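Remember, predicted model here, so these are calculated numbers, not experimental data. Each ligand, and each atom within it, is numbered from 1 in the order the structure gives.
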Amino acid sequence: MNEEQRVASQQVNQPKPINTKTEKDYSKYFERVITAPSLKDAKKRGKEEVKYHKDFAIPQEFKGMGEGRKFFIRTYGCQMNEHDSEVMAGIFMELGYEPTDKIEEADAVLLNTCAIRENAENKVFGELGYLLKYKRENPEMLIGVCGCMSQEESVVNKILTTYQHVDMVFGTHNIHRLPHILKEAYMSKEMVIEVWSKEGDVLENLPKKRNGAIKAWVNIMYGCDKFCTYCIVPYTRGKERSRRPEEIIQEVRELAAHGYQEIMLLGQNVNAYGKDFTDLEYRLGDLMDELRKIDIPRIRFTTSHPRDFDDHLIEVLAKGGNLVEHIHLPVQSGSNDILKIMARKYTREHFLDLVRKIKEAIPNVALTTDIIVGYPNETEEQFQETIDLYREVGFESAFTYIYSPREGTPAAKMNDNVPLEVKKERLQRLNAVVEEFSAAALKKYEDQVVEVLVEGSSKKRDDVLAGYTRRNKLVNFAGPKELIGHIVKVKITDAKAYSLRGEFVEVVNRQEVEV
Ligand code: SAH
Ligand code: SF4
Ligand code: F3S
């Protein structure tokens, strides 16, 4: 190949320069770093009191920054992340940006990421590679990475070296700083990184652009202090800190007044709610007892940790009304040895005892769970104990996962003698049991009348409506679109593998309780 050909081939093969970032500028990125993450710092739990910021407002200087611009947010991970995206969408809109669901139209693209398992992270890296195409077409497009992955040093380093078309990286404690970060990114030609590895504060009055007008998420607490040995969340989300009850009650009241039909209270470990208050004795049971009195048809919460699930909470939940008969109660394993090395701080016996108390108080309760298979050195017998426990409790559904080592966590340092093939095979066997129990739970609804909160039309057919029962079962039935947003009675005609099918009976009066 002669020089001319070589230059010509390079012109074809080489990517167009993006902004002015080149390999040569690389060292500057580190100088430009405003704050980089540290898993070690994120792990610290000091005695500092939680700071409450009630006066959040977007400074005047940023207003109008988004005039004529559009934003796009892609969210990965849990409902906490979904809700954070609603907050970021709210901030964008206060800045004057408009939402778009077409990436190619967006002036600012955010990936709100999840770090819980390796495959969650790989999806994000795949998407980042894909975004390069858009950045080449529109070099002015700002690309940002936020959420739990941003809190990891290794991820930020990888973005710095491999994904130089990213303009902003910011962490879970920096969401309210979005206006500053955007401004910095517009002015700077280099990557803007702002990730605080701190225990965390509570910020009130952040704007929110909620997805939909039927169901709403409400944070009741942030962070996690449980430090289960496999889990990255305590490092990415900071320490457990609760919102004040009056703020939560006020938010739920406002949502009820706006016609919302269902509230999902959010926290990584909602049963620890209130533990951090130094000035009042107030726990999840007390909060639920207050929320019960608000005129809104349904209130759910997620996620429960078996250790902090107290008797008062059970007693309050048993009062029913708008407190639904569904509890998601992750058990993770049925083996005491595995629970111990997971540092879950409860035993199989304690878990079964808790289930017994819940079932006694709420006889028609639907219990669902999360399970990890293939924990380091898990034996076949230990795995069998999980299957046995599943059968004994009779969970109605479960999220099941193969253990994924997370850098910086104690479990990631353990030697593991269980081959991946064995883990996959165990997952399959567990899933077969999960499916058997889910199908049996659905079968019981045949010929019964249930209450369904109609959320929209079915994904497959426009004339079929879809919604969930109080016990979180998906129901499809034919009916007019006017029913969307209402709670209706449906007679179940058939149970499918993952959902129920039925016939519309009537619209429910709000005050009535499910049959
Ligand atoms: N706070 C919740 C769980 C949040 S993470 C709780 O404690 O119940 C959701 C689920 O992901 C967990 O329940 C667990 O089953 C799973 N999970 C967490 N870390 C994991 C890891 N390293 N590998 C595989 N699954 C994991
Ligand atoms: Fe992770 Fe355990 Fe906290 Fe749940 S309770 S978020 S599994 S550390
Ligand atoms: Fe994932 Fe973070 Fe939620 S790691 S599961 S998005 S708290």
If we count only N and O atoms by modelled type, under 3.5 Å, do the side chains of H326 and T368 hold a donor and an acceptor together? yes

Under 4.0 Å to a heavy atom of [X] - the qualifying atoms of ligand 1, by number:
X: T303; value: 2 (C), 6 (C), 8 (O)
X: R117; value: 11 (O), 16 (C), 17 (N), 23 (N), 24 (C), 25 (N), 26 (C)
X: Y403; value: 23 (N), 24 (C)
X: S404; value: 21 (C), 22 (N), 23 (N), 24 (C)

Using heavy atoms and a cut-off under 4.0 Å, could you grab the residues that are in contact with ligand 2, chain by chain, numbers ascending? C224, K226, F227, C228, Y230, C231, V233, P234, Q268, H305, R344

Please name the pair of heavy atoms, one in L367 and one in K359, separated by the smallest distance, quoted to 0.1 Å. CD1-CE, 4.1 Å

Give the residue and atom name of whichever protein heavy atom lies nearest to atom 7 (S) of ligand 3, and the separation in Å to one decimal. Q268 NE2, 3.2 Å

Listed as residue and atom, the protein N/O/S atoms under 2.8 Å from atom 2 (Fe) of ligand 3 are C148 SG

Evaluate the ring-ring contact (aromatic ring centres under 6.0 Å, His included) criterion for residues Y346 and H305: first the C-alpha distance (whole Å), next the side-chain angles of each, then the deciding distance (0.1 Å), finally the verdict. CA-CA 10 Å; Y346 55 83; H305 191 291; 5.8 Å; yes

Test ring-ring contact (aromatic ring centres under 6.0 Å, His included) on F395 and F437 and set out the steps. CA-CA 7 Å; F395 289 114; F437 274 76; 8.9 Å; no

Heavy atoms only: which of V373, I372, D370, I402 lies closest to atom 12 (C) of ligand 1? D370

